[in-house]
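The sequence lines fix the lettering, A, B, ..., with proteins before strands; numbering per chain opens at 1.
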Protein chains: 2
Amino acid sequence: MKDIVKLYPKPSSPCNCMNIRRASRAVTQFYDATLQPSGLTITQMGLLKVIDALSAPSMSDLAAAFRIDRTTLNRNLKPLAEGGYLQLQRGQDARRREAVLTSSGRQALREAQRLWNEAQQTMADYLGKDDLQQLKSILSKLEAMVP
Amino acid sequence: MKDIVKLYPKPSSPCNCMNIRRASRAVTQFYDATLQPSGLTITQMGLLKVIDALSAPSMSDLAAAFRIDRTTLNRNLKPLAEGGYLQLQRGQDARRREAVLTSSGRQALREAQRLWNEAQQTMADYLGKDDLQQLKSILSKLEAMVP
DNA sequence: ACAATAAATGTGTATATACACTTAAAGAAA
DNA sequence: TTTCTTTAAGTGTATATACACATTTATTGT
C-alpha cells in the first residue's frame, strides 16, 4: 500500500482544515474562471442544476439537496432571482416557497454546463484517474463527519 | 493499486468543485465548533498563528503566507484588530502596515491551539492514517492548480 | 528636483457562509 | 373552536471571499 503514496509538495499548513479550505478556494477560482462567460459562478450553476432536477422544490428541499444551510441558500438564490434565472412562488402550503427555472435560467444553465465540462475534464486530467477517485472517496467521507 | 480504493458513499454531486466545497464546509464547521470556547474561528486561529510565526509581517506578506487574496486578508484581520488580538502599525516604509500580536492575542492563540489539537486528532482518527496522507497529498496538488 | 513608474494598501461592490432569533402558517390537542 | 405546537421561511448580524478600482508612498529615469 505504501507505494501508492505520491510525493506531492507538503501542504503549507499542518492544519487539515486550513488545507482543505485553501484547496477549496483554488478549485473554486478555477471553476469560476472557466464558467465566467456564462455569467454564473459554480455555486449558482449547482443551484440551477438542482432546481432543474427537482420539481418546484421548496427552500428546505433545496437546502437539503444542496447540503447547505437554509439561510445561506436563501441568500444564494437572491441574485439568481433578481437576474431572472428563476422564479420564487408560494406553494399550496402557503408556508412553502418554491423555485422554478425560467427559460433564461435553463439557457444559462446549458451554457454553464458546456463550460463546466471543460473545467471538469481539465481537473480530471490534472489529477489523474487514481487521485481523482481517491479524492471523491475521501471528500465523501469528510462530508459525513458532520450531521 | 486498485485494492486501496475504499468504498465510501458516492459524492452527491458529479462536480468536483461542489464536492470539495461541501467537504470544506463540513470540516470548517467541525473545527469552528471545536474551537468555539476560544472565541476564535479556525481562519482566525490560522491568521494569529502565521502572524506569531513571522516578524511583524506586512499585509502582503501575510496574504502570501496564508495564500489568500490580499483584500480578503485585509477584511479578515479587522475583527481580530477590533477584538484586541493584534495591532496594526505602519512600517519604516510608510506604505507597509504590519501586524503584531498582543498578549491577549497570544493567549487566545494558545487556548485555541489546545482545542485545535483535539479537532486535529479527532479528524485523523476518523479518516485513518492512509486516507489522511492521501488527502494531504491531493489537496496540496490541487492548491498548485492555481498560480 | 521633477516626472513617470512601481509597490503597498485600502474601498466599493458582490457573492458565500452560518448562527440566533423572529414571523407566519399549518396541524394537533383541548 | 380556541389554544398549543410544530414546521417553513425570513432577518439581523457577522465572518469569509475576491475582483475592479482608487490612493498613497517609494523608487527610478531624465
Side-chain angles (χ1 to χ4, degrees), chain A residues 17-18 20-33 35-36 39-48 56-64 66-83 85 88-99 146-147, chain B residues 17-18 20-33 35-36 39-48 56-64 66-83 85 88-99 146-147:
Chain A
C17 186
M18 293 313 303
I20 195 170
R21 287 178 66 85
R22 276 201 319 280
S24 175
R25 287 198 297 270
V27 174
T28 298
Q29 279 174 49
F30 170 67
Y31 273 74
D32 280 352
L35 295 195
Q36 174 123 12
L40 297 177
T41 65
I42 184 59
T43 298
Q44 295 174 333
M45 194 204 97
L47 282 172
L48 295 188
S58 71
M59 302 297 99
S60 297
D61 293 340
L62 274 179
F66 210 63
R67 300 215 208 167
I68 203 168
D69 188 272
R70 190 181 48 78
T71 67
T72 300
L73 174 91
N74 190 23
R75 262 119 186 182
N76 285 355
L77 289 188
K78 204 175 189 184
L80 291 169
E82 285 171 351
Y85 297 109
L88 296 170
Q89 59 204 18
R90 287 286 156 191
Q92 286 296 45
D93 183 332
R95 288 172 303 182
R96 284 169 60 96
R97 208 169 51 136
E98 302 172 338
V146 157
Chain B
C17 185
M18 293 313 303
I20 195 170
R21 287 177 67 84
R22 275 203 319 282
S24 175
R25 288 198 297 269
V27 174
T28 299
Q29 280 175 47
F30 170 68
Y31 273 74
D32 279 353
L35 295 195
Q36 173 123 11
L40 297 177
T41 65
I42 184 60
T43 298
Q44 294 174 333
M45 193 203 97
L47 282 171
L48 294 189
S58 71
M59 301 298 98
S60 298
D61 293 341
L62 274 181
F66 209 62
R67 300 215 209 167
I68 204 168
D69 187 272
R70 189 182 49 75
T71 66
T72 299
L73 175 91
N74 191 21
R75 263 120 186 181
N76 285 353
L77 288 187
K78 203 176 192 184
L80 290 170
E82 286 170 350
Y85 297 109
L88 296 170
Q89 59 205 18
R90 289 285 156 190
Q92 287 296 46
D93 183 333
R95 290 172 301 182
R96 284 169 58 95
R97 207 168 54 133
E98 301 172 339
V146 157

Report summary line: Applying side chain to side chain contact (heavy atoms under 4.5 Å, CB included) to A/Ala94 and not counting sequence neighbours gives none
Report task. Could you tell me whether the side chain of A/Arg90 has a donor or acceptor atom within less than 3.5 Å of a complementary atom in the base of D/dG10? Result -> no
Query raised in the report: Is any N or O donor-acceptor pair between the side chain of B/Arg70 and the base of C/dG10 shorter than 3.5 Å?
Result: yes
Query - Set of side chain to side chain donor-acceptor pair (under 3.5 Å) partners for A/Arg95, sequence neighbours left out - result: A/Asp93
**Report entry** For B/Glu98, side chain to side chain donor-acceptor pair (under 3.5 Å) partners two or more places apart
**Finding:** B/Arg96
Atom pairs under 3.5 Å, N or O on each side, protein against nucleotides 26-29 of chain D: can you list them with distances?
{"residue": "D/dA26", "atom": "OP1", "partner": "B/Ala94", "partner atom": "N", "Å": "3.2"}
{"residue": "D/dA26", "atom": "O4'", "partner": "B/Arg95", "partner atom": "NE", "Å": "3.4"}

Query raised in the report: Taking the nucleotide of DNA chain D with the closest heavy atom to each, which residue, B/Glu82 or A/Gln29, is nearer the 5' end?
Result: B/Glu82
**Report entry** Given DNA chain D, 5'-ward residue of the pair A/Arg75 and B/Ile68, judged by closest heavy atom
**Finding:** A/Arg75
Query raised in the report: Where along residues 41-48 of chain B does a heavy atom come under 4.0 Å from DNA chain D, residue by residue in number order?
Result: B/Thr41, B/Thr43, B/Gln44
Requested in this report: Would you mind telling me which residue lines up with the more 5' stretch of DNA chain C, A/Pro79 or B/Asp61, judged by nearest nucleotide?
Outcome: B/Asp61
Counterpart residues, salt bridge (Lys or Arg N to Asp or Glu O under 4.0 Å), relative to [X] (two or more places apart):
X: A/Arg97; value: none
X: B/Asp69; value: none
X: A/Asp32; value: none
X: B/Arg25; value: none

Query raised in the report: Between A/Asn74 and A/Thr71, do the side chains contain an N or O donor and an N or O acceptor separated by less than 3.5 Å?
Result: no
